[in-house]
Amino acid sequence: MADRQHALDLDATDPLAGVRARFRIPDGLIYLDGNSLGALPVGVPAAVGRTVEQEWGTDLIGSWNANGWWDAPRRVGDRVGALVGAAPGQVVVCDSTTVNLYKLLVAARRLRPERPAVLIDADDFPTDRYIVESVAGASVARSLGPEVGVVVRSHVNYQSGRLHDLAGLTAAAHDAGVLVLWDLSHSVGVVPVDLDGAGADFAVSCTYKYLNGGPGAPAFAYVAHRHQEALRQPLAGWLGHAQPFAMAPGYEPAAGIGRVLAGTPPIVSLAALEAALDAYDGVSLADVRAKSVALTSLFIELVADRFGDAFSLASPAAALDRGAHVCLSHPDAYPIVQALIARGVVGDFRQPDLLRFGFAPLYSRYVDVWDTVDRLAAVMASGEWDTAAYRRRAAVT
Ligand SMILES: *Cc1c(COP(=O)(O)O)cnc(C)c1O
């Protein structure tokens with residue numbers, strides 16, 4: 001069985017070890033919730049300060065041109081695109097994942113009017129399921145049939161961490177004449193994604209998880225070049241107009257990816273995201289994936305060694321079938337997570353009985369994995385999790 005020194009040795013030879021210094025991680029805290037809200041990159045406070053003080057405070061309205069506000073959704077979109085294998089001109093950063101899902105799902109269905117059903121897994125993220133239900137009504141499908149025109153799928157499942165084969169599923173869907181709308185919320189920045197290489201149609205994702213864009217950071221939307229000209233999304237706002245300042249009587253969509261935009265972008269949040277992306281400068285996603293696999297594998301191995309079957313693995317056992325987080329199930333998952341937080345290990349609880357641990361390879365260390373399992377062992381041995389205070393559920397879990 002590995003010991004703590006083994007974990008320290010792995011950190012000493014980790015090619016990404018230096019990247020941790022690009023983040024502010026509170027002293028002594030083991031933060032394993034970067035899959036929900038990524039940590040703060042060190043350059044973000046100054047970038048936001050500059051946007052507020054100089055650009056807003058002094059340059060005022062001129063900033064739309066002089067400070068690049070106008071181009072920000074496309075400029076930052078192209079930077080995000082580089083992380084998901086999208087050539088320039090196919091990604092914009094705007095709105096929330098939920099809103100972008102709605103826009104692209106309605107647009108995709110309009111490209112397949114004769115096949116109105118939408119396929120989505122019953123265990124996909126709630127907002128994805130709700131948007132599909134709201135758009136497709138009674139035509140929600142659970143398996144691929146001739147009536148299905150669009151599939152909505154998360155690349156990595158938010159609970160189990162199961163990683164789907166993006167290229168394989170896209171090719172199979174295309175063979176059946178079906179379009180695919182991928183949700184990359186749990187894979188962008190942590191699993192290599194090659195949207196163009198896979199011949200993908202559409203994708204959406206948030207940017208506040210592994211991309212560290214900050215709370216409520218705007219999401220992104222990808223539309224492959226070949227679909228852009230025919231794309232008609234339902235939120236026909238003035239910012240997606242071909243000539244926004246013509247103030248024309250009727251809507252005419254902008255050429256290219258710009259037609260996915262709806263209204264005025266959140267500039268301060270975009271500035272935070274743009275600065276946050278610097279954390280990826282010079283970072284190889286192959287290294288990120290290799291470390292991610294090693295971190296989750298070490299965690300699973302240590303949990304099995306220490307606890308036998310007291311915790312069961314609720315994520316795929318095969319490393320290549322997993323994203324970057326691991327779920328364990330235990331009937332007392334909720335109070336155990338609270339007790340771990342009190343010991344400085346922040347993971348989260350997911351219904352109904354899951355402890356979820358996200359390992360963000362840019363700042364999570366091998367020794368954090370070791371110490372997490374060690375503190376979990378202390379929590380279980382002492383029984384300290386078994387209190388009324390830890391069992392009391394907070395509004396946000
Ligand atoms: C986090 C996440 C979202 C978040 O959607 P918001 O509109 O940002 O609230 C959507 N889908 C998936 C799969 C997610 O993991």
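Numbering of ligands and ligand atoms starts at 1, following listing order. Just the heavy atoms: all of them, side chains too, but no hydrogens, waters or symmetry mates, feed the values below. Start at 1 with the first residue, then count along the sequence.
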Quiz item: Can you find a pair of side-chain heavy atoms, one from Val80 and one from Tyr222, that are under 4.5 Å apart?
Solution: no
Self-check item: atom 1 (C) of ligand 1: the protein heavy-atom neighbour that sits closest, reported with distance to 0.1 Å
Solution: Lys209 NZ, 1.4 Å
Self-check item: Heavy-atom nearest neighbour in the protein, as seen from atom 3 (C) of ligand 1, with distance rounded to 0.1 Å
Solution: Phe125 CE2, 3.5 Å
Self-check item: Close-contact set for ligand 1 against Thr127 heavy atoms, below 4.0 Å
Solution: 10 (C)
Quiz item: Below 4.5 Å, heavy atoms only, C-beta onward: do Phe202 and Leu105 meet side chain to side chain?
Solution: no
Quiz item: Which of parallel (below 30°), tilted (30 to 60°) and perpendicular (above 60°) describes His241 and Tyr251?
Solution: perpendicular
Quiz item: Should Ala219 be listed as contacting ligand 1, given a heavy-atom distance under 4.0 Å as the test?
Solution: no
Quiz item: Do any N/O atoms on Thr98 end up under 3.5 angstrom from N/O atoms on ligand 1?
Solution: yes
Quiz prompt | Residue pair Thr296, Arg322: steps toward the side-chain hydrogen bond (donor to acceptor under 3.5 Å, both in side chains) verdict | solution = CA-CA 9 Å; Thr296 56; Arg322 289 195 299 269; 3.0 Å; yes
Quiz item: Hey, which atoms in ligand 1 end up nearer than 4.0 Å to a heavy atom of Ser154?
Solution: 13 (C)
Quiz prompt | Nearest neighbour in protein (non-hydrogen) for atom 4 (C) of ligand 1 | solution = Tyr208 OH, 3.1 Å
Exercise. Tell me which part of Asp128 gets within contact of ligand 1: side chain, backbone, both or neither, using heavy atoms under 4.0 Å.
Key: side chain
Exercise. Please check if the distance between the ring centroids of Phe245 and Trp70 is under 6.0 Å.
Key: yes
Exercise. For atom 5 (O) of ligand 1, grab the closest protein heavy atom and report residue, atom and distance to one decimal in Å.
Key: Thr97 CB, 3.5 Å
Exercise. Ignoring hydrogens and angles, state whether a donor on the side chain of Asp196 or Gln90 is under 3.5 Å from an acceptor on the partner side chain.
Key: yes
Quiz item: Which atoms of ligand 1 are found less than 4.0 Å from any heavy atom of His186?
Solution: 15 (O)
Practice problem: Can you sort out which atoms of ligand 1 are near Ser96, meaning under 4.0 Å from one of its heavy atoms? | Solution: 7 (O)
Quiz item: Can you find an N or O of Asp183 that's nearer than 3.5 Å to an N or O of ligand 1?
Solution: yes
Practice problem: Scan Ile336, Val337, Leu354 and name whichever one has a side chain to side chain contact (heavy atoms under 4.5 Å, CB included) with His330. | Solution: Ile336
Practice problem: Determine the interplanar angle of the Trp64 and Trp69 rings, folded into 0 to 90°, and report it as parallel if under 30°, tilted if 30 to 60°, perpendicular if over 60°. | Solution: perpendicular
